[in-house]
Amino acid sequence: MSPWTCGIGGCHETFESVEPAIIHQTTHHQRHECKVCGTVVPDGYFAIRHAFNEHTRAEYVRAYDADAEDVRQRERIKSDVESRADLQAVVERLNG
């Protein structure tokens, strides 16, 4: 499997598995304020998850001036992370 790469602000740091990548995004980058509702969440995966679990695709498109490819790309990232990550372990490590 190829390494996971942080895509926040040109960071490009790589990780051998997804869990350290999520932890890195959460602990090494600024929080993101949702343009739809104002909730502040960690940038990266958690921001994508918030946007697509809490809001409609149409709300996302309007708030972020996104297009269908932007939505598809983020949905792929979300799906890929959720199919591979032990999210409970990530949360436990972040809370520990």
Side-chain angles (χ1 to χ4, degrees):
M1 160 118 204
S2 62
W4 291 80
T5 302
C6 178
I8 298 173
C11 175
H12 304 298
E13 189 165 337
T14 60
F15 305 87
E16 290 302 315
S17 62
V18 67
E19 292 87 358
I22 296 169
I23 291 166
H24 163 83
Q25 290 178 335
T26 302
T27 60
H28 287 81
H29 291 283
Q30 291 186 3
R31 304 269 180 189
H32 170 80
E33 183 176 345
C34 176
K35 291 182 181 181
V36 177
C37 68
T39 297
V40 177
V41 295
D43 207 349
Y45 164 73
F46 285 118
I48 293 170
R49 185 177 83 168
H50 168 81
F52 291 125
N53 286 359
E54 301 299 322
H55 306 296
T56 67
R57 301 318 186 246
E59 289 172 323
Y60 179 84
V61 167
R62 281 191 302 273
Y64 289 91
D65 194 27
D67 61 22
E69 182 53 35
D70 295 325
V71 171
R72 283 191 294 273
Q73 177 186 16
R74 283 156 183 81
E75 286 177 329
R76 282 191 298 269
I77 292 168
K78 182 178 179 292
S79 176
D80 203 19
V81 167
E82 291 174 351
S83 71
R84 295 187 167 131
D86 181 347
L87 293 174
Q88 184 61 40
V90 169
V91 170
E92 287 172 6
R93 178 143 179 228
L94 290 171
N95 289 335

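Computed from heavy atoms alone, side chains included, the values below leave out hydrogens, waters and symmetry copies.
- Residues in residues 67-96 take part in no ring pair (Phe, Tyr, Trp, His ring centres under 6.0 Å) pair, two or more places apart or across chains.
- A distance of 5.5 Å separates CD1 of I22 from CG of L87, quoted to the nearest 0.5 Å.
- The two residues A63 and V36 have their closest heavy-atom pair at CB-CG2, 3.5 Å.
- With sequence neighbours excluded, the residues satisfying side chain to side chain contact (heavy atoms under 4.5 Å, CB included) with T56 are A58, E59.
- Not counting sequence neighbours, the partners of R57 by the salt bridge (charged side-chain N to carboxylate O under 4.0 Å, His left out) test are E75.
- Cluster annotation: I77 and V90 are assigned to the same hydrophobic cluster (Ile/Leu/Val/Met/Phe/Trp/Tyr, side-chain heavy-atom contacts under 4.5 Å, transitive).
- For the salt bridge (charged side-chain N to carboxylate O under 4.0 Å, His left out) test, no residue two or more places apart in sequence or in another chain qualifies with E54.
- Contacts classified as ring pair (Phe, Tyr, Trp, His ring centres under 6.0 Å) and involving residues 63-82 (residues at least two apart or in different chains) are given here: H32-Y64, Y60-Y64.
- When the side chains of ILVMFWY residues are joined at heavy-atom separations under 4.5 Å, either directly or via intervening members, V18 and I23 end up in a single hydrophobic cluster.
- Each ring pair (Phe, Tyr, Trp, His ring centres under 6.0 Å) pair with one or both residues in residues 65-96, not counting sequence neighbours, would appear here, but there are none.
- For K35, the salt bridge (charged side-chain N to carboxylate O under 4.0 Å, His left out) criterion is met by no residue, not counting sequence neighbours.
- Under the 4.5 Å side-chain heavy-atom criterion for Ile, Leu, Val, Met, Phe, Trp and Tyr, F46 and F52 are members of the same hydrophobic cluster.
- Residues satisfying the salt bridge (charged side-chain N to carboxylate O under 4.0 Å, His left out) test with E69, not counting sequence neighbours, are R72, R76.
- Remark: N53 pairs with K78 by the side chain to side chain donor-acceptor pair (under 3.5 Å) rule, at least two apart or across chains.
- The stretch residues 17-28 participates, sequence neighbours left out, in these side chain to side chain donor-acceptor pair (under 3.5 Å) pairs: H24-H29.
- Counting only heavy atoms from C-beta outward, the side chains of W4 and D80 approach each other to under 4.5 Å.
- Pairs engaging residues 85-96 under the side chain to side chain donor-acceptor pair (under 3.5 Å) rule: Q88-E92 [sequence neighbours left out].
- Between T14 and P3, the closest heavy-atom pair is CB-CB, 4.0 Å.
- Atom OG1 of T39 and atom NE2 of H55 lie 6.0 Å apart (nearest 0.5 Å).
- Counting all heavy atoms, side chain and backbone alike, V71 lies closest to V61 at CG2-CG2, 3.7 Å.
- A single hydrophobic cluster is seen to contain both I48 and L94, as judged by linkage of ILVMFWY side chains at heavy-atom distances under 4.5 Å, directly or through other members.
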